[in-house]
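Below, chain A is the first sequence line, B the second, and so on; all start at residue 1. Atoms considered below: every heavy atom in the structure, side chains included; atoms not considered: hydrogens, waters and symmetry mates.
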Amino acid sequence: MRLSQQLFVTLREDPADAEVRSHALMARAGFIQKIAAGIYVYGPMMWRVLRRVEQIVRDEHDKAGCQEMLMPAVQPRELWDESGRWERYVNDGILFHFRDRKGSEVCLGPTHEEVITNYVKRMVQSHKQLPVILYQIQTKFRDEIRPRFGLMRGREFIMKDAYSFDCTAEAMVESYQTMRTVYRNIFSRCGLRFTPVEADSGAIGGSGSEEFMVDADTGEDAIAVCRTTGYAANVEKAVSKIAPPPAPEAEVAMHKEPTPAAKSCDDLQKLFPDLPLERMLKTVLYKAVIGETEQVVAVMCRGDRELNEVKLLNHLDAVAIEMADEETVKRVTGAEVGFAGPIGLSDEVRLLADNSVEGVQGFLCGGNETDTHYLDVYFGRDLPQPETADFGTVKEGDLTVDGEGKIEITRGIEVGHIFQLGTKYSEAMSATYNDEAQKRQPIWMGCYGIGVSRVAASAIEQNHDENGMIWPLPIAPYAVHLVQMKAGNEEQDALAQEIQDTLEAEGIDVLWDDRKKVAPGAKFKDADLIGIPLRIVVGRDAGERQVEWSVRGVDAPRENLSAEDAIARVRAAVKESGR
RNA sequence: CGGGGCGUAGCGCAGCCUGGUAGCGCAUCUGCUUUGGGAGCAGAGGGUCGUUGGUUCGAAUCCAAUCGCCCCGACCA
């Protein structure tokens, strides 16, 4: 493909609204163009990348026996009322919804559990038709609270979603395992470094769940990993083992301590320099919406630890939780904010404790009285230990639960998420099959998503340098960038043409920069920016059939090779990459 | 939702405080020269200053409303 015939525009400066490198680079290279917040045009180069990713996704699904299909983006409210999600998605403000000409409410699909369950329900009657896994690649719509980071969090994005349907829980787990393998294969084939992690299933619901994280320091998600044991989990879900602090030297009776204006652990440390943070227990107040009612919940936690709201939300089976406001804190503690504690709280408060309080003796806690804390408090002696569970956030350096290794915190970009849904949707929407005994049984479901456009963005987030993008060969817009120094020079024209034709005849795609009147420096800058991995430069030695070979992002000297050798290098690289 | 910031040529910005009819860099167009890391010279085109209303003899500039975009926060007592 001759670059001179393409609509190709690059910008020298980053666009003002680009916060992350992938966004800035793709915008500068003309891969994407913003048309509204979180909504982008995919230019021809970008579309080639997206099609490459899609093709890998498709291929791996088909190999595993999944069937591709396509569902509508416009969906009627009734379907969403059946699953009970309309209300919730509208309240969360995430659903694009409107009324049609007749006044019926419809939405643009943010996901397709309802449609697929409805489809399968009407298609499947017998256990003989199961198992089956269906998938589609399609544009999804989510009116994100805060679209961000270019393609990373858009309001319209390309997603592959798959759904498995099985007769039993065991069979569902089998389908889930199949998809785990499919996902590993997909991200490996895309040429990405990634980490599969245990995950919270969030709004979709269900039991087992795993996320696929592209390793990148700029990722939105923090993940806990252990090199020794191989443990890996999203910090929302991660568990660890922490040792209780040593007991105080002498056991003394609980007593009040004046703590004027000491509202935080920091302040308290200044007042009690000899008391370790581990022996200060903070009490955090939340307002939780559980079903139709709102409840105030107090959670105790060690001073050196942080709470994990996701775990708390799950434990409470709450729809939403938030930190209690000042007024609520004053009402239930009878004190200014900063002095909440477990002793003397209002009866309306449900008291919980994080595992980190386990075994802490002679601790300091809030006095539920302004400028007052209790010191030398013991669970069992001075008050019963509240209901204790894991509400904490793991920290770098924690031990894994089996005590075998240390946890490190790294960052990643979530590009895939797989769930065991169970019968949540099938029961809500009466998707059943007849078993051998002619009995109606709910279908066991799983769902599996990949953010196709996010995969592309994360590839750049993971692979770029100060000059531009560095595409992994399997998903690069072209395999080879043929840079011709002086278009119009007969020897160069002939050699470049020959190289392009040879490679294209072998099914290898070539971007040939044959632009006239573009300075060599500009061509190199553009080549660096768009990041096609394999580069052949046809220049002054074209008469001797000599070209220059380099690989984008590889720190090695440029090599002078014969055209034939360069072509052989391309063949080898393409073959190795599986492109 | 709350808080802050910004809308001026395709892109990046100045001008606004202190009203007087718009400027810089990149990009674009023409010509000549140049051709291995964003070339030089000469010339040229392109903007209802987001929108609406108000104040004023006069508004990019002041006021109000509105739309859009960006950032920060959902801060642990």
Side-chain angles (χ1 to χ4, degrees), chain A residues 7-20 23-24 27-30 33-39 91-93 145-150 259 261-268 277 280-287 298-309 312 320-326 328-330 332-333 335-342 345 354 356 364-368 370-373 391-393 467-468 483-489 492 513 515-529 535 537-542 547-548 550 558 560:
Chain A
L7 185 53
F8 181 76
V9 179
T10 56
L11 266 30
R12 204 182 283 226
E13 288 168 289
D14 286 351
D17 58 6
E19 199 56 21
V20 294
H23 182 193
R28 270 184 58 197
Q33 190 183 73
K34 186 166 75 186
I35 158 161
I39 300 179
N91 285 343
D92 287 355
I145 298 167
R146 204 176 145 200
R148 238 188 300 202
F149 305 145
T259 51
K263 297 179 172 213
S264 68
C265 287
D266 268 1
D267 300 336
L268 289 163
L277 212 48
M280 298 180 183
L281 299 192
K282 52 193 179 191
T283 305
V284 185
L285 292 162
Y286 285 96
K287 284 209 294 206
V299 190
M300 299 187 68
C301 170
R302 232 164 69 178
D304 61 324
R305 297 258 120 198
E306 288 190 359
L307 286 172
N308 180 325
E309 295 186 358
L312 183 61
I321 57 170
E322 57 175 356
M323 301 273 297
D325 52 78
E326 194 176 324
T328 306
V329 173
K330 284 182 179 169
V332 302
T333 65
E336 290 294 315
V337 172
F339 303 94
L345 272 178
D354 171 51
S356 61
L364 178 85
C365 62
N368 291 325
T370 303
D371 296 342
T372 306
H373 281 73
F391 303 119
T393 304
N467 297 315
V483 185
Q484 184 180 348
M485 288 292 87
K486 194 167 181 176
N489 169 295
Q492 291 188 21
D513 189 349
R515 291 174 299 172
K516 293 184 173 164
K517 298 192 171 183
V518 175
K523 292 194 173 192
F524 285 124
K525 288 289 182 192
D526 280 342
D528 288 346
L529 177 62
R535 184 181 304 174
V537 179
V538 174
R540 54 169 94 86
D541 301 327
V547 299
E548 185 183 278
S550 62
R558 299 187 275 266
N560 289 311

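A/Arg12 contributes no side-chain N or O that forms a donor-acceptor pair with the base of B/G37 under 3.5 Å. Side chain A/Asp526 to base B/G38: a donor-acceptor pair is found below 3.5 Å.
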Given the rule in the side-chain contact (heavy atoms from CB on, under 4.5 Å) test, do A/Thr328 and A/Leu285 qualify, once you have shown the distances and angles that lead to the verdict?
-> CA-CA 9 Å; A/Thr328 306; A/Leu285 292 162; over 6 Å; no

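Using a 4.0 Å heavy-atom criterion, one finds that A/Thr10 contacts the bases of the nucleic acid, with or without backbone contacts as well. Residue A/Val483 is classed as having no contact, given no heavy-atom separation below 4.0 Å to the nucleic acid. Among the atoms of the strands shown, none is found under 4.0 Å from any heavy atom of A/Gly366. Counting any heavy atom pair closer than 4.0 Å across all strands shown, A/Glu19 reaches sugar-phosphate atoms only and no base atom. Across all strands shown, A/Glu13 has heavy atoms under 4.0 Å from base atoms, whether or not it also approaches the sugar-phosphate. Across all strands, A/Lys34 comes closer than 4.0 Å only to sugar-phosphate atoms, never to a base (heavy-atom distances). Within the nucleic acid shown, A/Arg28 comes within 4.0 Å of at least one base atom, counting heavy atoms only.
With rounding to the nearest 0.5 Å, the separation of CD in A/Gln484 from NZ in A/Lys523 is 6.0 Å.
For A/Val284, taking side-chain heavy atoms from C-beta onward, the closest of the listed nucleotides B/A77, B/U35, B/G36 is B/A77.
The pair A/Asp354-A/Arg305 does not count as a salt bridge, with every side-chain nitrogen at least 4.0 angstrom from each carboxylate oxygen.
At least one side-chain heavy atom of A/Met323 sits under 4.5 Å from a side-chain heavy atom of A/Glu309.
Residue whose closest nucleotide on RNA chain B sits further toward the 5' end, between A/Arg558 and A/Thr283: A/Arg558.
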